[in-house]
Structures are given as C-alpha cells and as structure tokens.
Amino acid sequence: LEAADVRLNGRVTDKTGTPISGAKVRLEGAGQAQRFETESDPTGAFRLVLPATGDYAVSVDRQGYYLYRADALRIETSPFDLTIALDDIH
C-alpha cells in the first residue's frame, strides 16, 4: 500500500441488517476515469483500496434488490467504514 492509499471496509445488508452476499459494489472517482469494483462476501463484507481520499460515486447492485446509488460519497479517512442497506423488491 502506498502512503496515500485509502482502505474502504464496507458491508452490504438488507433493511433488517441481514448480510447480502454477492452484491456488486462499484466506486468511481469523481472527475477521474477511475473505477473500482468488488463483490460482497457471505457475511456481506467487502474491501477496496482507493488511491486517495475525495468524492466517489457509489453503486451497489444485487438481483432481488433495488439499485443503491450515491453520487458524491466523501471519503476523508483511512480506514473508512461504510454500511449500505439495500431495499428488497417485493
């Protein structure tokens, strides 16, 4: 890891807090052509290493749930902890 690298530790759950595995997590650097992708594990956890702090667009997609999107998530610290709760499609 470079000194400026930012560790993102995340978790994907449903609205009741139950972990969601296999969710596709994508972050895009604001104003840069940078894209970072990973998938949540069986405990809903995911990890990404980002090149710098700043604003990132975040999307999380999993079949059976509505797409989650945030256009400007500000990541200022490392490690950065993020929990995303998805709404299930009834």
Side-chain angles (χ1 to χ4, degrees):
L1 290 177
E2 298 291 321
D5 284 349
V6 177
R7 275 187 277 249
L8 174 64
N9 301 316
R11 194 154 183 267
V12 182
T13 68
D14 67 13
K15 291 296 182 186
T16 68
T18 303
I20 297 174
S21 65
K24 292 189 187 340
V25 180
R26 183 176 298 124
L27 271 75
E28 293 182 34
Q32 304 133 307
Q34 294 180 306
R35 177 179 282 182
F36 309 92
E37 295 183 10
T38 190
E39 208 168 270
S40 61
D41 71 14
T43 67
F46 65 90
R47 285 173 188 76
L48 284 169
V49 176
L50 306 172
T53 57
D55 291 341
Y56 289 85
V58 182
S59 65
V60 181
D61 195 17
R62 178 72 165 94
Q63 189 171 354
Y65 296 87
Y66 287 103
L67 173 71
Y68 171 91
R69 186 160 176 84
D71 288 329
L73 174 72
R74 174 146 293 179
I75 297 177
E76 295 177 321
T77 57
S78 179
F80 189 86
D81 296 318
L82 175 66
T83 299
I84 295 169
L86 300 182
D87 276 321
D88 59 324
I89 298 171
H90 301 292

Quick check for you: to the nearest 0.5 Å, what is the distance between [X] atom [atom1] and [Y] atom [atom2]?
{"X": "Leu48", "Y": "Ile75", "atom1": "CG", "atom2": "CD1", "result": "8.5 Å"}
{"X": "Glu37", "Y": "Phe46", "atom1": "CD", "atom2": "CZ", "result": "12.5 Å"}
{"X": "Asn9", "Y": "Arg47", "atom1": "CG", "atom2": "CZ", "result": "5.5 Å"}
{"X": "Asp81", "Y": "Arg11", "atom1": "CG", "atom2": "CZ", "result": "11.5 Å"}
{"X": "Leu27", "Y": "Ser59", "atom1": "CG", "atom2": "OG", "result": "8.0 Å"}

Hey, are the side chains of [X] and [Y] touching, using non-hydrogen atoms and a 4.5 Å cut-off?
{"X": "Lys15", "Y": "Asp88", "value": "no"}
{"X": "Tyr66", "Y": "Leu86", "value": "no"}
{"X": "Arg26", "Y": "Arg35", "value": "yes"}
{"X": "Val25", "Y": "Ile84", "value": "no"}
{"X": "Phe36", "Y": "Val49", "value": "no"}

Quiz item: Just by modelled atom types, is the Gly22 backbone N or O under 3.5 Å from a matching donor or acceptor in the Ser40 side chain?
Solution: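 Between the backbone of Gly22 and the side chain of Ser40 there is a qualifying donor-acceptor contact (under 3.5 Å).
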
Check [X] against [Y] and note the closest heavy-atom contact, atom names and distance.
{"X": "Tyr56", "Y": "Pro51", "answer": "OH-CD, 3.9 Å"}
{"X": "Ser78", "Y": "Asp5", "answer": "OG-O, 3.8 Å"}
{"X": "Leu8", "Y": "Leu82", "answer": "CD1-CB, 4.0 Å"}
{"X": "Pro42", "Y": "Pro19", "answer": "O-CB, 4.2 Å"}

Practice problem: Report the residue from Leu67, Ile20, Val12 that forms a side-chain contact (heavy atoms from CB on, under 4.5 Å) with Arg62. | Solution: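 Passing option: Ile20.
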
Self-check item: Arg69 bridged to Asp71 by N-O distance under 4.0 Å
Solution: yes

